[in-house]
Amino acid sequence: MVGTGSSRKSATNSVIWATGQDIPYVPNKRFGGVTLGGKIAPIFFNTQEDSGSLPIEVDVSKMEMGDVLDIFPYEGSIEKNGEKIADFTLKSQVLLDEVQAG
């Protein structure tokens, strides 16, 4: 079982380390963050969800590396420079509760 799940967990940890928040009183651990993708593989989606990140499948064709985006998870929309560039529907509304709970 050497290496089982390590790649997707490592990728998830990289996303959370870059975009997440520190967990109070727990050194070197973070939670939160958002992953946007046109299609997120189910196994990676579940790992993101289990780690406290918010995975969102959405049309990313109007997004570029380095863009500053405003993500409105309750409304299901993403804006860039004040202009709506994408709409999405979460796979489950429970995702918002899970992310909010950390």
Side-chain angles (χ1 to χ4, degrees):
M1 296 193 87
V2 175
T4 302
S6 62
S7 295
R8 68 178 184 270
K9 187 62 178 174
S10 177
T12 295
N13 285 338
S14 295
V15 169
I16 292 172
W17 195 258
T19 63
Q21 302 170 14
D22 291 333
I23 300 173
Y25 312 108
V26 180
N28 300 319
K29 286 278 194 172
R30 303 190 96 188
F31 74 96
V34 176
T35 300
L36 304 175
K39 178 63 180 154
I40 302 173
I43 199 159
F44 185 65
F45 188 99
N46 293 339
T47 303
Q48 289 282 303
E49 181 182 3
D50 291 345
S51 298
S53 182
L54 179 60
I56 299 173
E57 289 188 342
V58 61
D59 177 9
V60 296
S61 63
K62 295 183 180 175
M63 300 175 197
E64 300 287 335
M65 184 68 77
D67 283 347
V68 176
L69 304 172
D70 293 311
I71 302 170
F72 301 96
Y74 291 96
E75 292 83 5
S77 65
I78 299 176
E79 294 182 1
K80 179 170 67 173
N81 301 323
E83 177 185 338
K84 185 188 286 191
I85 61 167
D87 290 307
F88 63 88
T89 302
L90 295 174
K91 283 192 173 186
S92 168
Q93 291 300 311
V94 175
L95 284 172
L96 296 173
D97 294 336
E98 292 174 348
V99 170
Q100 184 178 14

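Nearest heavy-atom pair across P73 and L90 is O-CD1, 4.2 Å. Across every non-hydrogen atom of F88 and S77, the tightest pair is CE2-N, 3.4 Å. Closest heavy-atom contact between P55 and S53: CD-O, 3.2 Å. Looking at every heavy atom in both residues, T47 comes nearest to I43 through OG1-O, 2.8 Å.
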Exercise. For the pair I71 and L54, evaluate side chain to side chain contact (heavy atoms under 4.5 Å, CB included) and give the outcome as yes or no after the intermediate values.
Key: CA-CA 11 Å; I71 302 170; L54 179 60; 5.8 Å; no
Quiz item: Passes side chain to side chain contact (heavy atoms under 4.5 Å, CB included), M63 versus L69? Steps please.
Solution: CA-CA 9 Å; M63 300 175 197; L69 304 172; 3.8 Å; yes
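Every pair passing salt bridge (Lys or Arg N to Asp or Glu O under 4.0 Å) that includes a residue from residues 12-27 is listed here, sequence neighbours excluded: D22-R30. Applying the salt bridge (Lys or Arg N to Asp or Glu O under 4.0 Å) test to residues at least two apart or on different chains, the pairs with a partner in residues 82-91 are E57-K91, K84-D87.
In this structure D70 satisfies the side chain to side chain donor-acceptor pair (under 3.5 Å) test with no other residue, sequence neighbours excluded. With sequence neighbours left out, the side-chain contact (heavy atoms from CB on, under 4.5 Å) criterion links K62 to I85. With sequence neighbours left out, the side chain to side chain donor-acceptor pair (under 3.5 Å) criterion links S61 to D59. Remark: Q21 engages F31 in a side-chain contact (heavy atoms from CB on, under 4.5 Å) (not counting sequence neighbours). The side-chain contact (heavy atoms from CB on, under 4.5 Å) check on V68 picks up nothing, with sequence neighbours excluded.
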